[in-house]
**Student:** 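Take a look at the following structure, please.
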2 protein chains.
Amino acid sequence: MEEIDRAIVAALTADGRLSYTDLAERVGLSVSAVHQRVRRLEQRGVIKGYGARVSYEAIELPLSAFIAIRPLDPSQPDDAPDRLSHLPEIDSCYSVAGEDFYMLLVRVASPAELERLLQQIRTAANVTTRTTVVLSTPYEGRPPRITSSSGG
Amino acid sequence: MEEIDRAIVAALTADGRLSYTDLAERVGLSVSAVHQRVRRLEQRGVIKGYGARVSYEAIELPLSAFIAIRPLDPSQPDDAPDRLSHLPEIDSCYSVAGEDFYMLLVRVASPAELERLLQQIRTAANVTTRTTVVLSTPYEGRPPRITSSSGG
DNA sequence: ACTGAAATGTAGAACGC
DNA sequence: GCGTTCTACATTTCAGT
C-alpha cells in the first residue's frame, strides 16, 4: 500500500466519520481524488466497513469474557465457527495455536447469561470451554500504527 | 436506555457512516431529533467514537496474538496497562480473572516483530508472558445485540 | 490518476410547539 | 423533546487534462 492510502486509512481508523473535505486537507489532495481512493480502498477490502465504538456497560452488556474452546472429538470435522456464528453474544472468534482450537470474545449482561451462553456453545459445537472473565478493560480497539516500512 | 436510542446505537455500530437522514428514516423521527439524540449519546459516552474496520493483512499487520501477562513480583504496584500503553502494537488490554493478570491483543507484521514486542513488554512492565498466536480470524468485532429486556 | 466545477443531499442551528 | 425552516457545507458525478 502506498503513502497517501496509508494516511487515509490511518485517519479513518481513528475517526470513521471524517468528511472527505477534512480527509482531503490532511493528505493534500482534492476532495474527488480522496473520494476515489476511499472507494477503491473499500472495494479492495482494505476498509471493510465503519462502526461506532460503544460503551458495553451503557448498552447493558457489562460482562465480557474470553472462552477458549476445544472439540470433545478432535477427529470430527471442525466447523465450530459456523456452528457458533448465530450467537450474537460472540463478538469475535479466533482460530489459535496452542492447546485450544478457538478463542472467543463474548459480551453478556450477567453471570447468569454467561452460564447459559456456555451451555449453548458446548452443545452447539460439541466442545469443552475454559472461560476467563474480564474484570475491566484499560483500553480496547486502539487504532493500529500504519507503517511505511516494517519498522517498529 | 430507551427503545429509540437502542435502535440508533444498533444502526451506528453496524454502519458508522450512516447519515442522520437515513438514521431518521429507520427510527421514525425527524432528522433534528435524531441528530440531538446522537449528540447526547456521544456526550454521555454511550457512543465513544467511530472507526473504520480494516483488513490487518492489507495494512501489513498479518500476525495477531493474545499475550497473557503476569507480574514477576506480585507485591509491586500494578500499573502494567500504563507501562504498556505507549506500544502501538497493542490493540487491547483486558484485566482478567484467573491465573493471569492481563490479556493483551496485539498486531504485528512478522514473528520477528512479535519476538521484539514480547521483549519490550517483559522489560517495560516487569512481567512474564504466555503467547497464543492467532492462525486465522473467522469473525471479529461483530455488532452486539442491543436488547430491550435482558433476553437472549 | 488528479483537478475543478455543477447539482444534489446533508449538517447544524434557530425557532416555535 | 420533537418538528420545521434555512444557510452553509459536504457528497457525488462528470468533463477535462
Side-chain angles (χ1 to χ4, degrees), chain A residues 1-61 141 143-150, chain B residues 1-61 141 143-150:
Chain A
M1 207 171 42
E2 165 261 342
E3 188 62 26
I4 293 175
D5 283 347
R6 275 195 297 269
I8 290 171
V9 172
L12 286 176
T13 52
D15 181 357
R17 280 185 85 97
L18 270 179
S19 70
Y20 295 117
T21 307
D22 285 352
L23 220 41
E25 276 185 32
R26 297 197 190 195
V27 306
L29 281 183
S30 71
V31 172
S32 59
V34 166
H35 193 178
Q36 225 171 55
R37 278 170 180 263
V38 171
R39 290 175 72 86
R40 260 181 287 140
L41 289 165
E42 289 168 354
Q43 282 168 5
R44 284 162 43 202
V46 176
I47 294 172
K48 296 193 290 186
Y50 302 88
R53 285 187 288 269
V54 302
S55 159
Y56 291 98
E57 290 78 20
I59 62 170
E60 290 148 57
L61 296 172
R145 169 100 114 32
I146 292 170
T147 51
S148 331
S149 53
S150 64
Chain B
M1 205 172 44
E2 165 262 341
E3 188 61 26
I4 293 175
D5 282 348
R6 274 196 298 269
I8 290 171
V9 172
L12 285 176
T13 52
D15 181 358
R17 279 185 86 95
L18 271 179
S19 70
Y20 296 117
T21 307
D22 285 352
L23 218 41
E25 275 184 33
R26 298 197 189 197
V27 306
L29 282 182
S30 72
V31 172
S32 64
V34 167
H35 194 171
Q36 231 171 49
R37 278 169 178 264
V38 171
R39 291 175 72 87
R40 260 180 287 137
L41 289 166
E42 289 168 354
Q43 282 168 5
R44 283 162 43 202
V46 177
I47 293 172
K48 296 193 290 187
Y50 302 88
R53 286 188 287 271
V54 302
S55 159
Y56 291 98
E57 289 78 19
I59 63 170
E60 289 148 57
L61 296 172
R145 168 97 116 32
I146 293 169
T147 51
S148 331
S149 53
S150 64

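By convention in this document, chain letters (A, B, ...) are assigned in the order of the sequence lines, proteins followed by strands, and residues within each chain are numbered from 1.
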**Student:** Contact boundaries of DNA chain C with chain B (under 4.0 Å, heavy atoms), 5' to 3'?
**Tutor:** C/dT10 to C/dG12
**Student:** Round to the nearest Å and state the distance from A/Leu29 atom CG to D/dT11 atom C1'.
**Tutor:**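 A/Leu29 atom CG is separated from D/dT11 atom C1' by 17 Å.
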**Student:** If you look at every heavy atom in A/Gly45 and B/Ser55, which pair is closest and at what distance?
**Tutor:**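 Where A/Gly45 meets B/Ser55 most closely, the heavy atoms are O-CB, 3.4 Å.
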**Student:** Which is true for A/Ser19 with a 4.0 Å heavy-atom rule: it touches a base, it touches only sugar-phosphate, or it touches nothing?
**Tutor:**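 Sugar-phosphate contact only.
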**Student:** Is the phosphate of D/dT12 approached by A/His35 (side-chain N or O, under 4.0 Å from OP1 or OP2)?
**Tutor:** yes
**Student:** Test A/Asp15 against every option in A/Leu18, A/Thr13, A/Leu12 by the side chain to side chain contact (heavy atoms under 4.5 Å, CB included) rule and name the one that passes.
**Tutor:**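 Of the listed options, the one satisfying the test is A/Leu18.
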**Student:** State, to 0.1 Å, how close A/Leu29 and A/Arg37 come at their nearest heavy-atom pair, and which atoms those are.
**Tutor:** CD1-NE, 3.5 Å
**Student:** At their closest point, which heavy atom of A/Gly16 faces which heavy atom of A/Tyr50, and how far apart are they?
**Tutor:**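 Smallest heavy-atom distance, with atoms named: O-CD2, 3.8 Å.
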**Student:** What heavy-atom pair brings A/Arg44 and A/Met1 nearest, and what distance separates the two atoms?
**Tutor:**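 Minimum heavy-atom contact is NH2-CG, 4.4 Å.
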**Student:** Nearest-Å distance, CD (A/Gln36) to C1' (D/dA15)?
**Tutor:**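 Roughly 13 Å, once rounded to whole Å.
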**Student:** What's the CG-P distance between B/Leu41 and D/dG1, to the nearest Å?
**Tutor:** 11 Å
**Student:** How close do B/Leu23 and B/Ala11 get, counting heavy atoms only, and between which atoms?
**Tutor:**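 Heavy-atom minimum between the residues: CD1-CB, 3.6 Å.
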**Student:** Expressed in angstrom and rounded to an integer, what is the separation of B/Arg44 atom CZ from D/dG1 atom C1'?
**Tutor:**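 Atom-to-atom, B/Arg44 to D/dG1, this comes out as 13 Å.
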**Student:** Calculate the interatomic distance between A/Arg39 atom CZ and D/dA10 atom C1'; express it in whole Å.
**Tutor:** 15 Å
**Student:** So what does B/Ala33 hit on the nucleic acid, given a heavy-atom distance under 4.0 Å: a base, only sugar-phosphate, or nothing?
**Tutor:** sugar-phosphate
**Student:** In this structure, how many angstroms lie between the C1' atom of D/dC2 and the CZ atom of B/Arg37, rounded?
**Tutor:**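 Whole-Å distance recorded here is 9 Å.
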**Student:** May I ask you to verify whether the side chain of B/Ser32 and the base of D/dT4 hold a donor-acceptor pair under 3.5 Å?
**Tutor:**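 Side chain to base: pair found, below 3.5 Å.
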**Student:** Please work out if A/Val31 contacts a base, only the sugar-phosphate, or nothing of the nucleic acid, heavy-atom cut-off 4.0 Å.
**Tutor:** base
**Student:** One thing to verify: whether B/Arg39 and B/Glu42 come together as a salt bridge, which I'm taking to mean a side-chain N less than 4.0 angstrom from a carboxylate O.
**Tutor:** no
**Student:** Check the distance between D/dT11's P and A/Arg17's CZ and give it to me in whole angstrom.
**Tutor:** 10 Å
**Student:** Just how far, in rounded Å, is P of D/dC2 from CD of B/Glu25?
**Tutor:**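 Taking atom P of D/dC2 as the reference, CD of B/Glu25 is at 18 Å.
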**Student:** Examine D/dT11: is either OP1 or OP2 under 4.0 Å from a nitrogen or oxygen in the side chain of A/Thr21? Give yes or no.
**Tutor:** yes
